[in-house]
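Notes follow the structure.
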Amino acid sequence: MAEPDDIYEKVMELAKRRGFIWPSAEIYGGVAGLIDYGPLGAQMKRRIEDAWRAFYVIREGFYEIECPTVGIEPIYVASGHVKGFSDKMCQCPHCEEYLRADHVAAGAGIDGAAGMTTEALAGCLRMLPCTACGEELGEVKVFDFNLMFNTWIGPGSQRKGYLRPETAQGIFTDFPRLLRFYRDKLPFGAVQVGKSYRNEISPRQGMIRLREFTQAEAEIFVHPEGKRHPRFDRYALYEVPLLGCSAQEAKEEPVRMTMREAVEKGLVANEYVAYYIALTCDILVSIGVDPARLRFRQHLTTERAHYAADCWDAEFLSKRFGWVELVGIADRTDYDLKAHAGVSGVALTAYIPLETPRVERRRRILPDMKALGPKFRGKAKQVADALVEADPGPGGVEVTVDGEKVLIPASLYQVRDEDVEVRGVEVMPHVIEPSYGIDRMCYAVLEHAYTEDMVEGELRRVLRLPARVAPVQAGVFPLVSRDGLDRVAREIADALTGAGIFTEFDESGAIGRRYRRQDEIGTPYAVTVDYQTLEDGTVTVRERDSMAQVRVKRAALPGTLQGLIAGTLAFSSLGK
RNA sequence: GCGAUAGUAGUCUAGCGGCAGGACAGAGGCUUCCCAAGCCUUUAGCCCGGGUUCGAAUCCCGGCUAUCGCACCA
């Protein structure tokens with residue numbers, strides 16, 4: 001087998017030439033960070049998304065929802081993207097280099113640079129040297145650069161809008177509706193497949209870092225205590241190469257381990273995270289990512305978001321780019337729901353009934369509003385609210401109102417101890433989030449599928465795509481386009497199409513040329529009608545990877561191909 | 001965004017101040033008929049915008065895109 005020197009160039013050349021991936025708006029010179037999926041690419045991407053749905057929607061039973069790509073500001077205030085997604089930047093007046101203002105300040109030993117206002121940062125930078133050219137920055141302007149695309153919603157008193165930087169927030173904001181939909185039971189999950197947008201400063205690496213990209217995300221809402229997956233048995237013995245934090249620090253290789261072992265050893269935080277690591281591995285391998293070039297890497301504590309209990313990335317090995325993240329699987333705890341509850345003021349909790357209701361003795365504080373009103377006037381409401389939360393002593397209680405400590409004598413309120421029957425508790429679920437980058441998956445599949453063989457001294461380019469993601473599923477060819485072979489071949493193509501098989505009919509040129517055309521776009525099977533077909537009603541079926549052929553009865557063809565494509569039938573079992 | 005390099009047909013490439021050439025791919029035809037055979041015909045190109053020049057694919061400037069390095073990458 002020929003070892004490709006630069007497989008990226010070859011894959012992208014093929015992808016462009018055969019209609020998988022095109023530069024967007026190419027007639028106007030193209031745009032960095034935006035790509036078009038051509039006819040075969042769009043088809044393959046759809047099949048990859050559908051393979052994903054087969055796992056998450058059909059098997060896991062997580063319904064798919066679809067939210068707008070434009071969102072109002074509070075959503076992204078709550079999610080942290082308005083603040084956290086924006087970088088304080090400045091441009092050096094001498095060399096015109098763009099710099100991260102907070103990094104420059106922090107690099108010079110200034111504390112708290114990350115939290116400073118633009119004005120404060122500009123003040124700090126005045127005396128500092130530019131990290132690029134070394135000149136003093138002087139009167140430098142610091143500005144916010146937010147990675148979110150922004151826009152306005154409606155005319156007139158416009159509302160600020162952002163293109164979503166991830167699909168997840170739509171699921172979080174639908175939480176109360178979803179909870180009702182799933183009839184108030186945990187765990188439940190919802191998924192979303194769609195476009196997200198990040199205005200990358202400098203997108204590179206082809207379709208690896210895009211400004212508009214497709215995500216497939218699942219948000220699984222689980223009870224915060226006891227993160228045991230009800231179907232953990234499915235993957236308990238499934239082995240995955242895991243590269244934990246300590247292994248990375250020790251520069252060790254990933255270790256293959258069963259998911260049960262990983263959880264028992266404490267390498268993976270809980271069964272949920274482990275379950276979705278295994279499921280992710282299952283999906284990625286099924287769409288054609290080479291298992292030998294796939295690993296799961298745990299986020300180091302320094303790169304992990306502070307609220308995440310655990311986070312693992314599925315990474316594929318690219319010849320060109322090294323290890324590239326495809327999927328992030330995180331236990332986000334209750335961070336997102338808490339944040340949205342805080343900004344929206346809506347309780348985002350689930351009511352979990354107790355198996356046996358219990359009686360609790362509760363102390364209630366009843367403020368005497370008749371007395372508080374005249375005494376505190378405008379602040380009476382605040383005092384009362386503070387009282388309800390307070391823990392009174394014998395002589396009264398001290399509460400804080402507007403930063404002021406106020407002593408409230410016991411005469412201004414009543415303390416009542418009462419028995420309350422507790423039938424359940426409100427819990428804020430934790431979120432397990434597997435988040436997939438579909439475009440990167442498409443690239444990974446293309447790169448891992450691309451092979452070059454030498455056949456009788458000729459280069460044969462083959463995309464060894466799994467049948468389930470191949471854009472075209474079968475080629476149908478008359479050996480020659482005369483003597484009625486072409487007519488029969490067309491009938492067979494129609495029969496396959498009628499059976500839901502995506503088929504290309506091709507009668508032009510030599511038969512070998514037609515096989516190669518289909519090899520190059522990854523078509524797994526080719527059906528050829530020859531003179532024997534006219535005699536005994538059989539056709540040949542050729543398998544792309546082995547180039548082997550078997551004869552199959554015409555009538556059995558649609559069922560046979562369906563079985564081959566679905567993977568329920570092995571090519572080697574045919575004709576026996 | 002900065003710096004370097006590059007951009008010629010669908011793809012790859014030659015030409016580097018004076019008529020833009022080839023290979024492969026595509027289309028049509030002849031021929032052969034199970035793995036890119038052959039022959040004939042044919043489609044199709046100088047990234048965009050300025051400038052210099054009698055004349056620019058070629059030189060200069062700006063832009064866009066790509067690759068690499070720097071920076072950036074919730």
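Order of the sequence lines fixes the chain letters, A, B, ..., with proteins taken first and strands second; residue numbering starts at 1 for each chain.
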Please report the distance separating the [atom1] of [N] from the corresponding atom of [M], rounded so that it comes out in whole Å.
N     : M     : atom1 : result
B:G62 : B:G55 : C1'   : 23 Å
B:C24 : B:A36 : C1'   : 10 Å
B:G18 : B:G3  : P     : 31 Å
B:U58 : B:C47 : P     : 8 Å
B:G10 : B:G45 : C1'   : 11 Å
B:C64 : B:C48 : P     : 16 Å
B:G63 : B:G1  : P     : 9 Å
B:U41 : B:C46 : C1'   : 26 Å

In this structure, how many angstroms lie between the [atom2] atom of [N] and the [atom1] atom of [X], rounded?
X        : N     : atom1 : atom2 : result
A:Met207 : B:U65 : CE    : P     : 18 Å
A:Asn199 : B:G1  : CG    : P     : 11 Å
A:Arg320 : B:U67 : CZ    : C1'   : 7 Å
A:Arg204 : B:U5  : CZ    : C1'   : 12 Å
A:Leu459 : B:A23 : CG    : P     : 19 Å
A:Lys16  : B:A9  : NZ    : P     : 10 Å
A:Ile208 : B:A66 : CD1   : P     : 14 Å
A:Phe20  : B:G10 : CZ    : C1'   : 15 Å

Quiz item: Does A:Arg295 make a cation-pi contact with A:Trp323, if we ask for NZ or CZ under 6.0 Å from the ring centre and within 45° of the axis?
Solution: yes

Quiz item: Does A:Tyr515 have A:Arg542 sitting over its ring (NZ/CZ under 6.0 Å from centre, angle to axis within 45°)?
Solution: yes

Could you list the residues that satisfy salt bridge (charged side-chain N to carboxylate O under 4.0 Å, His left out) with [X], not counting sequence neighbours?
X        : value
A:Arg460 : A:Asp453, A:Asp519
A:Arg204 : none
A:Glu458 : none
A:Glu166 : none

Quiz item: Going by heavy atoms closer than 4.0 Å, what residues in residues 21-33 of chain A are next to RNA chain B?
Solution: A:Gly29, A:Gly30, A:Val31, A:Ala32

Under a 3.5 Å cut-off for both contacts, is [N] paired Watson-Crick or G-U wobble with anything, and if yes, with which nucleotide?
N     : value
B:C33 : none
B:C2  : B:G69
B:G49 : B:C61
B:A27 : B:U41
B:A14 : none
B:A9  : none

Quiz prompt | Closest to side chain of A:Glu520, choosing from B:A36, B:U67, B:U11 | solution = B:A36

Exercise. Could you pull out all residues at least two apart from A:Lys16 that satisfy side chain to side chain contact (heavy atoms under 4.5 Å, CB included)?
Key: A:Trp22, A:Pro23

Practice problem: Name all residues meeting the side chain to side chain contact (heavy atoms under 4.5 Å, CB included) criterion together with A:Ala548; count only those two or more places apart in sequence or in a different chain, and write none if there are none. | Solution: A:Ser546, A:Phe571

Quiz item: Considering residues at least two apart in sequence or located in another chain, which fulfil the ring-ring contact (aromatic ring centres under 6.0 Å, His included) criterion with A:Phe316?
Solution: A:His448

Quiz item: Contact class for A:Tyr8 (heavy atom, under 4.0 Å): base, sugar-phosphate, or nothing?
Solution: sugar-phosphate

Identify each atom pair where a protein N or O and an N or O of nucleotides 25-35 of chain B are less than 3.5 Å apart, giving names and distance.
{"unit_1": "B:A25", "atom_1": "OP1", "unit_2": "A:Arg513", "atom_2": "NH1", "d": "3.4"}
{"unit_1": "B:G26", "atom_1": "OP1", "unit_2": "A:Arg517", "atom_2": "NE", "d": "2.8"}
{"unit_1": "B:G26", "atom_1": "OP1", "unit_2": "A:Arg517", "atom_2": "NH2", "d": "2.6"}
{"unit_1": "B:G26", "atom_1": "OP2", "unit_2": "A:Arg513", "atom_2": "NH1", "d": "2.6"}
{"unit_1": "B:C33", "atom_1": "O2", "unit_2": "A:Leu479", "atom_2": "O", "d": "3.4"}
{"unit_1": "B:C34", "atom_1": "O2", "unit_2": "A:Tyr515", "atom_2": "OH", "d": "2.6"}
{"unit_1": "B:C34", "atom_1": "O2", "unit_2": "A:Gln549", "atom_2": "OE1", "d": "3.3"}
{"unit_1": "B:C34", "atom_1": "O2", "unit_2": "A:Gln549", "atom_2": "NE2", "d": "2.7"}
{"unit_1": "B:C34", "atom_1": "N3", "unit_2": "A:Tyr515", "atom_2": "OH", "d": "3.4"}
{"unit_1": "B:C34", "atom_1": "N3", "unit_2": "A:Gln549", "atom_2": "NE2", "d": "3.2"}
{"unit_1": "B:C34", "atom_1": "N4", "unit_2": "A:Asp530", "atom_2": "OD2", "d": "2.7"}
{"unit_1": "B:C34", "atom_1": "N4", "unit_2": "A:Thr540", "atom_2": "OG1", "d": "3.4"}
{"unit_1": "B:C35", "atom_1": "O2'", "unit_2": "A:Arg516", "atom_2": "NH2", "d": "2.6"}
{"unit_1": "B:C35", "atom_1": "O2", "unit_2": "A:Arg542", "atom_2": "NH2", "d": "3.3"}
{"unit_1": "B:C35", "atom_1": "N3", "unit_2": "A:Arg542", "atom_2": "NE", "d": "2.6"}
{"unit_1": "B:C35", "atom_1": "N3", "unit_2": "A:Arg542", "atom_2": "NH2", "d": "3.4"}
{"unit_1": "B:C35", "atom_1": "N4", "unit_2": "A:Arg542", "atom_2": "NE", "d": "3.2"}
{"unit_1": "B:C35", "atom_1": "N4", "unit_2": "A:Met547", "atom_2": "O", "d": "2.8"}

Quiz item: Is the shortest side-chain N/O distance from A:Arg18 to OP1 or OP2 of B:U11 below 4.0 Å?
Solution: no

Quiz item: Nearest nucleotide by nearest heavy atom, which residue falls closer to the 5' end of RNA chain B, A:Arg209 or A:Gly206?
Solution: A:Gly206

Quiz item: Between A:Phe172 and A:Phe221, how do the two ring planes meet: parallel, tilted or perpendicular, split at 30° and 60°?
Solution: perpendicular

Self-check item: Side-chain heavy atoms of A:Tyr450 within contact of A:Tyr8, under 4.5 Å
Solution: no

